[in-house]
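Worksheet for the structure shown next.
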Amino acid sequence: MSSFAPTSANPGTSAATKYDADDAEFFPGIPKIPFKVDAGPSETLVFKQYNPTEVIMGRTIEEWLRFSVCFWHTFRGTGADPFGFPTLKRPWDDGSNSMANAKRRVRAAFEFFTKLGIKHWTFHDRDIAPEGNNLAETNKNLDEIVELVQQLQTKTGVKLLWATSNLFAHPRYMNGASTNPDAHVFACAAAQVKKCMEVAKKLNAENFVFWGGREGFHSLLNTDVRSELDHMAMFFKMALAYKKKIGFTGTLLIEPKPKEPTKHQYDYDAMTVIGFLKNYGLDKDFKLNIEPNHTTLAGHAYEHDVVLASAFGLLGSIDSNTGSPDLGWDTDQFPMDHKHASHVMKVVISQGGIEPGGLNFDCKVRRESTDLRDMFISHIGAMDTFAKGLKIAAKVIEDGVMAKCIKERYSSYKNGIGAKIAKGDASFEELEKYVMEHGEPEMRSGQQENFESILNFYM
Ligand code: XUL
Ligand code: CO
């Protein structure tokens, strides 16, 4: 989440106009970030691990990692929190809702992507263009910004990993969007996604994300959960029909999160969403966008939902961030932990890559990280973390020691009675007979510490 509210970081800064020129530079003094193999510890504006052209297991690091910058945190985040005013003062952003300000933000963003060497980005419709007084005016604003975006994408070669509709910030969505008890609000959400999908097609988005920010409840007393879930499924069916109608080829992704802003969100975690998709017959047409900070918020291990979604062939993309294990909320921090990254990359390699998804940095610098260079350092640090995680995971997989141990652990299902169970050919009667004949099973160690020690060898 971030500061979606139009809070002003720089009220009335006239200096912003100097950024209106076509050739304005937004990050002077910061060059294109290079890879430097022998960089020292304090050289934080260089890549030390992320060498995009290096080949790992048959693919370049850049092809494996498919990083993306999110617009909402990095270009709309102001550092405001429930206790304090904005701290992140970007010199080009006058804090207004004007179209000129929206254009400056977009132009600053493309300079940032280019200098960082990141080839993808993501946005919500309402991050990039202000709402007007009615739907027609809002759509017109969006079209005008999308035209600029299209030019910048062509000029820089930066692609749109995914677009999404913000169906949670506007007051009309306070009781939800597709799960709102008021059908008129449902219609507003549908109209908004219709337009956003058209924009996604125009900008060649590779995916389209649905995060159900307020699709949930604060109290069961006033909530008809079955109706709300049926309506949400209807909404996804309409989105799918419209996708097919306009020929949008991006993957549709649902992003699970257990709570915040609602007390309970329907898309609680990966398995909940998988169950929902299967129940409503949507599992062939939707995949999941997993955000590890949401996973930990659901009470699971960092990599849990990445593993589960992939196990069912439904891992579409990753909102690559982290939380603070000592806190119970969504802090959207940059992922800086090699072990976490290697767990995720092991899954990504094992499923043959994440394309057309990617690793989207749904992350925000801390409100105390107020320098423009902090925007770069945070992304560089996270990119290096995942490049290192990829290298570790590749070694683990290539060596095959862990895979061999796991194979051995399940070997009883390969022959005899185990093979019959696995194939679905066994019955309770037959298994009872087997136990009568063979007695008690031998104790077999789970060897958790052995697995942990093997993994640590590669860190
Ligand atoms: C909120 C969150 C969103 C989605 C897109 O926690 O992660 O920013 O990624 O709406
Ligand atoms: Co996210």
Side-chain angles (χ1 to χ4, degrees), residues 1-5 66-78 81-82 120-128 160-170 173 176-179 189 192-193 196-197 199-200 205-216 232 235-236 239 250-270 273 286-298 300 302 305-306 309 315-324 327-335 344 354 357-365 379 382:
M1 269 297 294
S2 79
S3 27
F4 292 100
R66 292 175 56 82
F67 290 131
S68 146
V69 176
C70 87
F71 193 82
W72 54 98
H73 286 312
T74 302
F75 289 91
R76 299 306 308 275
T78 64
D81 72 12
H120 292 90
W121 72 304
T122 53
F123 65 77
H124 298 84
D125 44 9
R126 302 298 176 252
D127 306 332
I128 58 168
L160 184 56
L161 184 70
W162 49 262
T164 186
S165 281
N166 181 326
L167 302 175
F168 45 90
H170 194 281
Y173 296 126
S178 68
T179 62
Q192 192 177 326
V193 168
C196 192
M197 212 176 257
V199 162
E206 294 175 58
N207 306 272
F208 192 93
V209 164
F210 295 89
W211 171 60
R214 295 188 194 272
E215 314 297 20
M232 189 161 86
F235 192 85
F236 288 135
T251 309
L252 303 181
L253 301 170
I254 295 181
E255 182 175 326
K257 185 175 182 182
K259 54 191 161 193
E260 194 209 64
T262 60
K263 169 186 145 87
H264 175 94
Q265 285 184 199
Y266 292 126
D267 300 327
Y268 197 90
D269 60 4
V273 174
F286 283 77
K287 287 189 168 183
L288 274 61
N289 179 40
I290 299 295
E291 179 167 324
N293 198 172
H294 296 175
T295 308
T296 52
L297 203 54
H300 305 309
Y302 184 88
D305 274 10
V306 166
L315 177 64
S317 199
I318 298 170
D319 265 9
S320 194
N321 67 2
T322 195
S324 276
L327 288 178
W329 68 87
D330 193 18
T331 54
D332 286 336
Q333 288 168 232
F334 282 86
V344 169
I354 192 80
L359 300 181
N360 175 48
F361 291 123
D362 189 353
C363 314
K364 57 187 177 203
V365 291
H379 283 84

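Values reported hereafter were calculated over all heavy atoms of this structure, with side chains retained and with hydrogens, waters and symmetry mates removed. One-based numbering, in listed order, for ligands and for the atoms of each. Note that the coordinates shown come from a computational prediction; the quantities given were computed from them, not determined experimentally.
Not a single N or O atom of T164, backbone or side chain, sits closer than 3.5 Å to an N or O atom of ligand 1. Considering backbone and side-chain N/O of N289, none are found under 3.5 Å from N/O of ligand 1. The shortest N or O to N or O distance between D332 and ligand 1 is not under 3.5 Å. Checked by distance only, ligand 1 and W211 stay at 3.5 Å or farther apart across all their nitrogen or oxygen atoms.
For the Co ion (ligand 2), the set of protein N/O/S atoms nearer than 2.8 Å consists of E255 OE2, E291 OE1, D319 OD2, D362 OD2, ordered by chain and number.
Not counting sequence neighbours, the partners of Y266 by the ring-ring contact (aromatic ring centres under 6.0 Å, His included) test are F217. Contacts of R66 classified as salt bridge (charged side-chain N to carboxylate O under 4.0 Å, His left out), with partners at least two apart in sequence or in another chain: E206, E355. Qualifying side-chain contact (heavy atoms from CB on, under 4.5 Å) partners for N293, counting only residues two or more places apart in sequence or in other chains: E291, T296, N321, D330, T331, D332.
H294 counts as a contact of ligand 1, since one of its heavy atoms falls under 4.0 Å from the ligand. The closest approach between V209 and ligand 1 stays at or above 4.0 Å for every heavy atom of the residue.
The contact set between ligand 1 and D319, taken as ligand atoms under 4.0 Å from a residue heavy atom, comprises 9 (O).
Judged by distance alone, the side chains of T122 and N360 do bring a donor and an acceptor atom under 3.5 Å apart. A donor-acceptor pair shorter than 3.5 Å cannot be found between the side chains of D267 and W211.
Side chains of I354 and I318 form a contact here, defined as non-hydrogen atoms less than 4.5 Å apart. In this structure, the side chains of Q265 and T179 stay at 4.5 Å or more apart for every pair of heavy atoms. Side-chain contact between F67 and L161 is absent, with no heavy-atom pair separated by less than 4.5 Å.
By the criterion of a heavy-atom distance under 4.0 Å, the side chain of E291, and not its backbone, is placed next to ligand 1. With a 4.0 Å heavy-atom cut-off, ligand 1 is reached by the side chain of D330 but not by its N, CA, C or O.
Test F168, F71, W162, F208 against H124 for ring-ring contact (aromatic ring centres under 6.0 Å, His included) and you get one pass: F168.
With R126 contributing its side chain and N166 its backbone, the two residues share no donor-acceptor pair below 3.5 Å.
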